[in-house]
Amino acid sequence: MTKIIITIDGWSSCGKSTLARGLAKELKYVYIDSGAMYRAITLYFLRHHVDWSDNASVQQHLADVSLEFHHNAHTDQSEMYLNGENVEYVIRDLVVAEKVSEVAALGPVRTFAVAQQRKMGARKGIVMDGRDIGTVVFPHAELKIFMTADNAIRVERRFKELYAKNPNITIEEVKSNLEMRDYIDSHRAISPLRQAEDAVVLDNSYMTMEEQLAWAIKLVHERV
Ligand code: C5P
């Protein structure tokens with residue numbers, strides 16, 4: 001069967017990665033979590049105390065950043081590696097989430113990440129989720145999904161996820177982080193989050209994973 005490129009963009013904590021992962025598994029495609037790349041770069045910048053208002057310093061540090069995804073046979077999921085270190089767990093921390101939208105708004109950071117994302121999609125058969133995948137990274141993708149969900153439901157979902165790792169976290173912290181990221185992501189000058197004209201909208205507030213998957217698979221079959 002012909003392989004296509006599937007992009008999933010949308011607001012924070014809409015369940016993009018869950019759907020993307022499910023689709024990739026079903027179709028035997030590669031799943032790429034582009035947000036993990038921005039999170040890993042942010043982790044690197046935080047660890048190296050990079051002053052990201054200084055463009056030259058950003059460029060210089062990016063030259064030392066190597067990002068790779070490796071499959072974990074144990075969990076059957078792809079995980080983010082930063083300079084050879086598995087950072088899949090640590091990049092989900094609120095400390096990284098608090099800064100990632102600032103870092104992801106920087107021109108050199110986007111150029112760096114987008115070039116790698118395009119290479120990953122060169123042979124198609126890929127599902128990539130993020131904010132600008134259907135608009136900028138793969139504007140000619142065969143299937144573009146734009147996801148949304150009720151704000152309260154999104155906060156609840158992310159809170160549950162983060163609380164499992166850190167019981168000190170509060171729902172207010174999670175809510176304000178999501179609001180801040182959505183605001184910065186949709187208002188930045190370069191590649192802001194927006195729905196591509198040819199994207200299909202999915203509001204999954206009241207849908208089960210099985211329903212979402214069936215909905216998306218139907219769209220794939222209409223395109224291959
Ligand atoms: O998808 P996730 O919530 O992990 O993404 C973290 C952050 O990375 C987003 O809030 C956004 O600032 C940035 N991002 C982006 N472009 C993408 C994917 C993520 O700017 N394609």
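Both counts, for ligands and for their atoms, begin at 1 and track the order of listing. Below, each value reflects all heavy atoms present in this structure, side chains not excepted, and no hydrogens, waters or symmetry copies.
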What protein heavy atom is closest to atom 4 (O) of ligand 1, reported as residue, atom name and distance in Å? Arg39 NE, 2.6 Å
With sequence neighbours left out, write down each residue that passes side chain to side chain contact (heavy atoms under 4.5 Å, CB included) with Pro139, or none if nothing qualifies. none
Looking only at protein heavy atoms, which one is nearest to atom 6 (C) of ligand 1, and how far off is it? Arg181 NH1, 3.5 Å
Atom CD of residue position Glu222 - does it have more than 12 heavy atoms of other residues, nucleotides or ligands inside 6.0 Å? yes
Does ligand 1 have an atom under 4.0 Å from some heavy atom of Arg110? yes
Mark up the atoms of ligand 1 that fall under 4.0 Å of a heavy atom belonging to Tyr38, in ascending order. 8 (O), 14 (N), 15 (C), 16 (N), 17 (C), 18 (C), 19 (C), 21 (N)
Should you measure from each heavy atom of Arg188, which atoms of ligand 1 turn up under 4.0 Å away? 15 (C), 16 (N), 20 (O)
Beyond-backbone contact of Tyr31 with Leu23, side-chain heavy atoms, under 4.5 angstrom: no
Less than 4.0 Å between a side-chain N and a carboxylate O, is that true for Arg188 and Asp132? no
List ligand 1 atoms under 4.0 Å from Ile133, heavy atoms only on the residue side. 21 (N)
At a 4.0 Å threshold, what atoms of ligand 1 neighbour a non-hydrogen atom of Gly35? 1 (O), 4 (O), 5 (O), 18 (C), 19 (C)
Per-atom contacts of ligand 1 with Asp132, taking only distances under 4.0 Å to non-hydrogen atoms: 16 (N), 17 (C), 21 (N)
Using the test side chain to side chain contact (heavy atoms under 4.5 Å, CB included), find all partners of Thr2 that sit at least two apart in sequence or belong to another chain. none
Which protein heavy atom lies closest to atom 18 (C) of ligand 1, and at what distance to 0.1 Å? Ser34 OG, 3.3 Å
Atoms of ligand 1 under 4.0 Å from any heavy atom of Asp185, numbered from 1 in the order shown, are 9 (C), 10 (O), 11 (C), 12 (O)
After noting the C-alpha distance and the side-chain angles of Arg223 and Asp198, does the key distance pass the salt bridge (charged side-chain N to carboxylate O under 4.0 Å, His left out) rule? CA-CA 13 Å; Arg223 285 159 174 80; Asp198 50 351; over 6 Å; no
Is the closest side-chain donor-acceptor distance between Asp182 and Ser12 under 3.5 Å? yes
Closest non-hydrogen protein atom to atom 17 (C) of ligand 1, residue and atom name please, with distance? Arg131 N, 3.3 Å
Does at least one non-hydrogen atom of Lys16 fall below 4.0 angstrom from an atom of ligand 1? no
Should Glu161 and Arg158 count as an ion pair when the cut-off is N to O under 4.0 Å? yes
Numbering as shown, the atoms of ligand 1 that approach Ala104 to under 4.0 Å (heavy-atom distance): 12 (O), 13 (C), 20 (O)
Between Leu67 and Ile41, does the side chain to side chain contact (heavy atoms under 4.5 Å, CB included) criterion hold? Intermediate values first, please. CA-CA 8 Å; Leu67 302 178; Ile41 296 168; 4.0 Å; yes
Here the atoms of ligand 1 under 4.0 Å from any heavy atom belonging to Ser101 are 10 (O), 12 (O)
